[in-house]
Each structure stands twice: as structure tokens, then as C-alpha cells.
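Working notes for the structure below.
Lettering of chains follows the sequences in order, A, B, ..., and the numbering in each one begins at 1.
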2 protein chains.
Amino acid sequence: MKKQVQHTIKDVAAALGLSVSTVSRALNNHPHISQETKQRVQEVVEKLDYRHNALAASLRNSRSNMIGLIAPRITMYFQSTVITAIQNKLHEYGYNLMVCQSNDLPAIEKELVKVMYASRVEGLIVSSTLYTEDFSHFDIFNRANIPLVFYDRVPREYPAHKIQGDDYQGGYQTTRHLLEQGARQIAYITGPLSCKLYSDRYEGYKKALREFEVEPNDNLIFCHELNKENALQTCELLFADGTFPEAVFAGNDTTAVAVVQYAKERGIAVPAQLKVTGYSNDSRTEIIEPPITSVEQFPYEVGVQAATLMMELLEQNSKPGQNYISLTTPIELVKRQSSGL
Amino acid sequence: MKKQVQHTIKDVAAALGLSVSTVSRALNNHPHISQETKQRVQEVVEKLDYRHNALAASLRNSRSNMIGLIAPRITMYFQSTVITAIQNKLHEYGYNLMVCQSNDLPAIEKELVKVMYASRVEGLIVSSTLYTEDFSHFDIFNRANIPLVFYDRVPREYPAHKIQGDDYQGGYQTTRHLLEQGARQIAYITGPLSCKLYSDRYEGYKKALREFEVEPNDNLIFCHELNKENALQTCELLFADGTFPEAVFAGNDTTAVAVVQYAKERGIAVPAQLKVTGYSNDSRTEIIEPPITSVEQFPYEVGVQAATLMMELLEQNSKPGQNYISLTTPIELVKRQSSGL
DNA sequence: ACTTTCTTTGCAAACGATTGCAGGAATATT
DNA sequence: AATATTCCTGCAATCGTTTGCAAAGAAAGT
């Protein structure tokens, strides 16, 4: 309640009978400043509770040290792990992270892009909405030549750097595994196919079926947002008349868990009568009975890659090399009991 | 690759033959500016790809519109949900969130506080490290009269606003429930008791024991960081010589899950031979077999409260009312099979 | 016609740091 | 003793907005 005043570099300078430039340089550990002066500056700084104004510094040298991140929602295991990695990595480089959520709404995403732009982030890392098909609101970043990196939910065509798990392989290997376990009728529950990662996976699924000369059956394809409620509705359809497929390939673990629980309630034996797989390998898959086969995406590594790429782009940002980097990160099928292993 | 130049308000003014002040006011929708002028400004702004510089604006009116958040780690279900709520709420008020993780290391927390301070956040929301006992690094915020709100991992004595789940009740109700189910030897696995929330819970535990006239047994108290590895080690001790307690009150769900799985492997029936409860009510508790009794903390509401409080503090920030708010949010014991229900 | 009021705009000083350039003092070189 | 070199430090412009004050022109009141 006493000193409401915020001291500036000027006050520090005055207290020492120095100029502001000297103080500034001392604080930035400039080589031309004597050790003794630095020492004295440091003392006064602490005595006065001097608060560095990063805003002013940023304005002057147009470097905000801030990276923006837009994710659909940060509660999902995959997302929060990626963000954890990104934040840790950026911190190593002295960068801060401004985090926003689109809640899977394209309108909010659009608004957030503008906010980030005006906030002078030096780079933007994005996992887009499930429903973003028009990416033109990101144009401002491209035009201003500010690094733009997408991860996981990446655009299909839009010119930008992209880091995506190997969803084609994920879809392929999982399906192939189910086929090898003897299943032929494999129901496929997927998120919106407008989203690249889901369509990639779907391609993998079809490829595996072709290899086993299984005719795809449109009645077994279900496409909707992958939450518990939708999953249970789909189950109602799938198990309607007492008949059901030999396997369900669920697009995420929430869905796979719902399917397993639904089956258990109906007295359907997993994996004997019904094989189930999920995607993302979140912590629930290994504790449910039976444990669920799922696809590990190594989210922490994805995050490290995204942050590292961003840092590289910032270092050589003058370079106008127009070639966009497209990274595919490996996945690993984790086989568990639910698929018959 | 063409227009590297970033246009400023000055360019817009020049293009229109207006002054910068007029343009600034037009952009801020100032009432003294005619509709026609605003219209024309808007057009040129779009044509020139003008990018508002929030840094400069912040510097000028010393409002960064940024709130800082420091959490131990954002992957934990409880944390990511709280943060989700906070970010959504702040967005409603036009504020942005800068997120950092201490990784439960006091040294990093200390550093982050300084970074946030220099970044001119208008307020700081914190869930501290498990091991933070000295909170003096937060003094700079108090001295500068910048709102400081703790949640979940709140300090015991330190003067600041606090939002904490009702851990005393959580500990009490859970223990009482186990006692009512007939258990008398109740092992208690807790995080470091230096952390207020754990000691509050422990008090609740002891209170319930007293009410049932059960003598506390130090051999049943285990205190360590609550991860899977530690939990399994504790199990080794607890079940060493073939004997084991009637119940385990685990300090979080990760620990409870580990205990249940350990018991299952040893052929110990839960809840018949051993009752188990967890804490946080994360999604694993209801899908494991048997489902685990746990304590719902309503993390989304906690986040909303934290953000709302912060917004209130910012509005009446001139007010030097030194009374700190201490909110206790309700919890709910969710009874499931693992405790014998 | 003259004063008053209202609307719309411009001038110029902040905000707090950084940095190129120049200059003074101290030391080394010839 | 004079010059060159090195080491520190200061001056002042700059980053891009915002905003108090003043003023010009139009409209209105008497």
C-alpha cells in the first residue's frame, strides 16, 4: 500500500547518476559496461524493486518472445501432452506461450487468429477445428511472413508447415491386425472425413481391406464427432437386431471404451465375439477389462518437434525459402487383449 | 514475399490524408469520429493489411490484457480442466492467458514468477509446486499490487487470494464412508504433508477415525509423490507378509488404480477383502473393474471461480482493501463398487 | 449579424526501453 | 610528448499507439 509507483530504468539511472543507456546495457549484460557498474546497477535495481518492462523492450526491438497456440480443447490427453512438451521446449529457448482454445468452433478459431496476430506473436502453432475447411483466416500470417506450424489437425492443401502422426499407417496397421485376428466385418467409427487425419486413416483402413480382399461395406462406416454419447448411439444402430460385426475400429479411445462397456452390458464377450480397437493410447485403454488395443502417437515427441521446428523457423526467418516442411511422426500399434491377442 | 513492410497507423493516416489520432480513434470506435470516416479508415486498413500493434498500445496505456498462469503440470486431468475453464472465461472478458509449467520444481516456479512479472501480466493465477514452502518469490506481485490468485495448491499462510477444494471434507467423508463400510484398518497414502491440501485432507481422515474411536496407526500412513511407481512400492510394503489392511485411501486416482491392479494381480478381492478409494474422480475411476470410489472436485467450476475472481479484482484494483478472499469449493464423494457399495 | 454549442479533427507529448554514433578518460605505443 | 588504442559512458532518435487539449467549421440560438 506504500509504493504504488513503478520505477523505470530512468529512476535507476537517476539514483546512480548514470544515463539510461548505461543502465539498459548493464541490465542486458553488454560487454562494454564495466563489471563494477553492472554490480552497482544490480544493487539499485533490487533496492528499488525495478520491474523490467518487456512490453517496451518488445516494441523497440519488435520481438515479443511470445508464441501463440490455438488448440481445439486442451483437456484431451493427446492435446495436453503436446502442449506440455511445446511449453517446456519453448521455455528452454526463452519463449513464452500464449494458449487459446477454439472449442472446435471455426468462428472462434477465426477470431483467435486475429487476436494472436495483433498480440504480435512471433509464431503460431495450431491444431485446427474439426470443421475448419477454409483456412484463409491464416493468410495474414503467411502474408506477414510469420512462421505458422500446424500439428495433428493439419490442413490438406493450405500452404504451411505441418506435423502429423502417420495416420495412414495407423489406420492400415490397426485394420490389418484385426484382419489377421480373423475379423472380416470391421465396423469403422471415424470423425469427420473433412478432417485430413481421419481421411488418411480411412485410406489406410481401405487399403488393408483390399489386401485381404474384403469388400468395404458402407453400412459399417459411422462418421460423427467422437464422444461418448455419439458412440453409444452408434452402438444402438450397430447392435440393433441382435447381429453385430466381428470387430469395431474406433476413431479414439473414448469411443472404444464406450463400445467395450456397451458390449459388456449386453453380455457380448470381448474379444471372443467382438474385437475392439481405439486410437491415442490414453491411460484408460490399459486399465479397462479387457485392455484395449490402441495406437500410440507419442504426443510428447510431436510437441517437441513442433516447438523445435518453430525455433528453427524463427532463427532463419529472413530466408524466404518458400518450401514448407511436412513432417510425419511415427505411430505404434499397441496390441492388447481387446483385439484378440 | 512481396510486402515485407508492416504498415502502421501512420501509413493508414497518410493514405487518407488524416492524422494518426483520427485513425486511432476511428479504430477504437471513438464517439467523436464520424461514421463516414470510420468507414473509410476501415477500408484502407483492410487494403493495406494493417496490423494493430497491441504491444505499443499496451505500453501506452499500461494494460497488457494478459493474465499469467503457473501450474505444476498441465497434463493432469484436474489441471487441464481448470485451465480450460480459466481460458474460456478470460476470453469472454477479452483477456489472454500465458501458460507456464513449473514441472513441480520450486526453482522453475521462482524463475517463472519473474518472467511473468516482467511480461507485465495484469494478474497471476497459480497452483504451486508440491514442494513450495517459501512463497516469498511472489512478493513482487503483492508489492506491485498486482492481483494474485492461488488455486488447489494454495499456500498455508501466505497473504493472497485462494481457491481450494474442501479437502478437509474430502478426507473426512471418504474416511467416514470406509468406516461405515466396516473397515477399521485404513491405510492412507498421501502426497507431501507440507502441501496444505494434503494436510487438510489428513486432518479430515483423523477426525473421522476419532469419531469411530479408531486409533490412528502410523504404520498405515504413507507419504510420497503420488505416481504409479511410488504406489506400487508402497503396495509391496503394505502387502508384504501376506497381511494387509481392510482399506486403502489413496491420495489420487493414479494411486488408487495402481492399488486396485496390484490387488487384482495378487488375487485379492476388491472390495470384499480390500476396499479402495481415490481422489479427483478422473475418467479412469469409472471404467476400471471394479469402479473406484473417488472425490469429485468440480474442476471446471474451480476454474470459472478463479477467472471470475481475477476479473473482479482487476475491476476494482484501485481499492486497496487488504482483505484476501479465501474460497472453499464443494466436493462430492462419488461412491462406487471399490469401497464396498 | 453575433455569440454559443456541437461535431469532428489535428498537434504533440507521453509510455519505457534499446542502440548507433560520438566523445572523454585511461592506457599503450612510437 | 604526441599519437593511437582501448574501455566506458552519454545523447538522442526510435518503436507504434493513445489521449488531453485546442481549434476549425458547421449548426443553432438570440
Provide, to the nearest angstrom, the distance between the CG atom belonging to B:N28 and the P atom belonging to D:dG16.
17 Å

A:L16 CG to D:dT9 P, in whole Å, measures 11 Å

How long is the line joining CG of B:L27 and P of D:dT17, in whole Å?
9 Å

For B:Y151 and B:F78, take the angle between the two ring planes, folded into 0 to 90°, and tell me which bin it lands in: parallel under 30, tilted 30 to 60, perpendicular over 60.
tilted

Could you tell me how far apart A:H30 (NE2) and D:dT6 (C1') are, to the nearest whole angstrom?
14 Å

Please report the closest heavy-atom contact between A:H161 and A:I325, naming both atoms and the distance.
ND1-N, 3.0 Å

Using a heavy-atom cut-off of 4.0 Å across all strands, would you classify A:S62 as base, sugar-phosphate, or nothing?
nothing

Expressed as a whole number of angstroms, how long is the span from B:I9:CD1 to D:dC15:C1'?
14 Å

Categorize A:R51 for me: base, sugar-phosphate, or nothing, with a 4.0 angstrom heavy-atom threshold over every strand shown.
sugar-phosphate

Mind checking if A:T37 touches a base, just sugar-phosphate, or nothing, with heavy atoms under 4.0 Å?
sugar-phosphate

Below 4.0 angstrom, N of the basic side chain to O of the carboxylate: do B:D134 and B:K110 qualify?
no

Would you kindly give the NE2-to-C1' distance between B:H52 and D:dT17, to the nearest whole Å?
7 Å

Check the interface with nucleotides 10-12 of chain C: list each N/O to N/O pair with the protein under 3.5 Å, or write none.
residue, atom, partner, partner atom, Å
C:dG10, OP1, B:S19, N, 3.4
C:dG10, OP2, B:S19, N, 2.8
C:dG10, OP2, B:S19, OG, 2.9
C:dG10, OP2, B:T22, OG1, 2.4
C:dG10, O5', B:S19, OG, 3.4
C:dG10, O6, B:R25, NH2, 2.4
C:dC11, N4, B:S21, OG, 3.0

Should the pair B:E92-B:K89 be classified as a salt bridge under the 4.0 Å nitrogen-to-oxygen rule?
yes

If you count the non-hydrogen atoms of other residues, nucleotides and ligands that lie under 6.0 Å from NZ in B:K38, is the total more than 12?
yes

Is it true that A:K196 and A:D152 make a salt bridge, defined as a side-chain N closer than 4.0 Å to a carboxylate O?
no

Rounded distance in Å - CD (B:E36) to P (D:dA26)
14 Å

How is A:S24 classified with respect to the nucleic acid when contacts are heavy atoms under 4.0 Å: base, sugar-phosphate, or nothing?
base

From the candidates C:dT18, D:dG16, C:dG16, the one with an atom nearest any side-chain atom of A:N53 is C:dG16

Applying side-chain hydrogen bond (donor to acceptor under 3.5 Å, both in side chains) to A:T22 and not counting sequence neighbours gives A:S19

Upstream residue (5' side of DNA chain C) when B:L59 and B:I33 are each assigned their closest nucleotide
B:I33

Distance in angstrom units between A:H32 NE2 and C:dA22 C1', rounded
13 Å

Checking D:dT18, C:dA17, C:dT8 against the side chain of B:S34 (C-beta onward), the nearest is C:dT8

